[in-house]
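Working notes, beginning with the structure itself.
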Protein chains: 2
Amino acid sequence: MTEDLEEAIEVLQQLGMKEYEARCFVGLCRLESGTAKRLSETTEVPRTRVYDAIRVLEAQGLVEIQHTSPQRFRAVPLDEATETLRHQYEDRVERLRDTLETIDVTEEEGTPVQEVWSMSGQEGIENRTDQLLGEATEEIVLVIGDESLLTDRLIATLNSADPGVELVVGALTESLETQIQSAVPDATTFVSGLEWLHGEDIDEETAIGRLVLVDRSKILVSTIVPDSHVEQAIFGEGFGNGLVVIARRLMSQGLIPARDPGS
Amino acid sequence: MTEDLEEAIEVLQQLGMKEYEARCFVGLCRLESGTAKRLSETTEVPRTRVYDAIRVLEAQGLVEIQHTSPQRFRAVPLDEATETLRHQYEDRVERLRDTLETIDVTEEEGTPVQEVWSMSGQEGIENRTDQLLGEATEEIVLVIGDESLLTDRLIATLNSADPGVELVVGALTESLETQIQSAVPDATTFVSGLEWLHGEDIDEETAIGRLVLVDRSKILVSTIVPDSHVEQAIFGEGFGNGLVVIARRLMSQGLIPARDPGS
DNA sequence: GGCTAGTGTAACTCGGTTAATCACAAAAAC
DNA sequence: GTTTTTGTGATTAACCGAGTTACACTAGCC
């Protein structure tokens, strides 16, 4: 109950509100309409500061004020509120894109050949995976180590791949393989021989997340830290890249059963 | 040039980044790849703090790290970045919606009959206008006082109104009326007799924004503060509402040429 | 090896913002 | 006319982020 309220307050703060503003807004959402006194009682916000908070919310179109005495406040309907917030952020992201688009690349500096990059965060890694798969022209080898990574988005991307691209998808478990087989009928599926990447052998705290190999020249490997559930990835590009070389070697040993390039 | 950069930095901060994070990200966007030293030079961020900022960005999937010595950083492609940010906010708004949906209304307390609410902010007022227009069952009277308010969204809403609803749209100028006439063919348009609401007569600092009257029982009037360009609105509901009564009186005096209810 | 410049971490200071409290005038309620 | 409630403004305290410094460590270079 109350924890739901706290949850909402927290999210609102992530969206940029101050604590008092968030508390007041949530308070109003369950009050239909109220005075500063009442709000103060239900939200733990000092009465004298309710007014400031409300004014800010009003300026954003999230709260309405009735200028009587005492003043009454009420929250805009939830649909309107979410719509307003959404717009606000759409606009900002759009503005960002526009300005950054015009200045991109002011560049120089030679880059080393052996590039291995790392990134974390499920969101970003999924984006990158998506992009990689879209770039494939010949072959996609994909191993999925955690059920949670088989998202609708991933499935959609796989199914929209160029039919000329060889699709090989592995899973760590049979049940996952079955799921994949039915979700992506064009794919050749298998149960990975990569169990050694999982659990005690290497690092008891780390589980394989995904392994993406595109056209044998770009690779992304991610792991998932079990308790924090944080996904971390490393990413390499280029035929001569060390990481990529290792991946090819794995294939040649049959751990990743990829097709012959000539086929 | 540099002001574009500042713009981008500002927007990123509005999206929740700290100053250093924003500066570093923008710096990387025009650098293809760089070390802490170089970043520090181009972004004015103290070198020793670049690392912290980058780590945060990396955790969000906006930056990649090459763990060499010295480390190299690079920004994710712009498309990926905006996609990530967008998702982040979609998720938050969605979570907010979900939690608030479950707790809405914990209510009591009688509300006075004469309700007049006020709100500000173009965004929120536009949402409210939209909703009001959607609720119409008989008649919509709309007066638009500023060209900037004739948005695509408003036009779309007007055109999607139930054909049984009488649509009367006024404008403060003839040129605006012409625009409306062509954008919303079903509407009866006119040039408003409300010039007295504009300029010196009432308040030299205030210009009429929009006037929305739905089914003769709900009204919204907004004004635009000329220099700050802030829109403020008052909003009343109920047939007996004082504000609504005034609006009806205006109509009866021919200032708002509405049709006879029986027609 | 030993030296120097450069790299990465961690601690600390300072300043501004925000949460929280208080004082007070104006307005309602009784 | 007295007392409570209401709204504004100022003040204090706690916190967080910007900016700085100290230092251990690495990598190249005599």
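Lettering of chains follows the sequences in order, A, B, ..., and the numbering in each one begins at 1.
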Looking only at side chains, do B:E135 and B:Q131 share a donor and an acceptor under 3.5 Å apart?
yes
Table please: side-chain donor-acceptor pairs of residues 56-64 of chain A below 3.5 Å, with sequence neighbours left out.
| unit_1 | atom_1 | unit_2 | atom_2 | d |
| --- | --- | --- | --- | --- |
| A:E58 | OE1 | B:S120 | OG | 2.4 |
| A:E58 | OE2 | B:M119 | N | 3.4 |
| A:E58 | OE2 | B:S120 | N | 3.4 |
| A:E58 | OE2 | B:S120 | OG | 3.2 |
| A:E64 | OE1 | A:R74 | NE | 3.2 |
| A:E64 | OE1 | B:R128 | NH2 | 3.2 |
| A:E64 | OE2 | B:R128 | NH1 | 2.8 |

What is the separation between atom CG on A:D52 and atom P on D:dT6, rounded to the nearest whole Å?
17 Å
Applied to residues 57-95 of chain A, the ring pair (Phe, Tyr, Trp, His ring centres under 6.0 Å) test, sequence neighbours excluded, yields A:Y89-B:Y89
What I want to check is whether the side chains of B:N127 and A:T84 have a donor and an acceptor closer together than 3.5 Å.
yes
Using a distance-only test with no angle check, is there a side-chain donor-acceptor pair under 3.5 angstrom linking A:D146 and A:S148?
yes
For B:R49, is there an ion pair with B:D52 - N to carboxylate O distance below 4.0 angstrom?
yes
In the 5'-to-3' direction, what one-character label does each nucleotide of nucleotides 16-30 of chain D receive under the scheme B = base within less than 4.0 Å of a protein heavy atom, S = sugar-phosphate only, - = no such atom?
-SBBBBB----S---
Interatomic distance, A:R55 CZ vs D:dG7 P [rounded to whole Å]
10 Å
Taking only residues two or more places apart in sequence or in another chain, which ones pass side chain to side chain donor-acceptor pair (under 3.5 Å) with B:D79?
A:R97
Check this for me: does any side-chain nitrogen of one of B:E6 and B:R23 sit under 4.0 Å from a carboxylate oxygen of the other?
yes
Can you tell whether the side chains of B:K37 and B:E41 come within less than 4.0 Å, N to carboxylate O?
yes
Rounding to 10°, can you tell me the angle the first-five-pair axis of the helix from C:dG1-D:dC30 to C:dC30-D:dG1 makes with its last-five-pair axis?
10°
Donor on one side chain, acceptor on other, B:R72 and B:T35, under 3.5 Å:
no
Give the first and the last nucleotide of DNA chain C, reading 5' to 3', that has any atom under 4.0 Å from a heavy atom of chain A.
C:dT18 to C:dA28
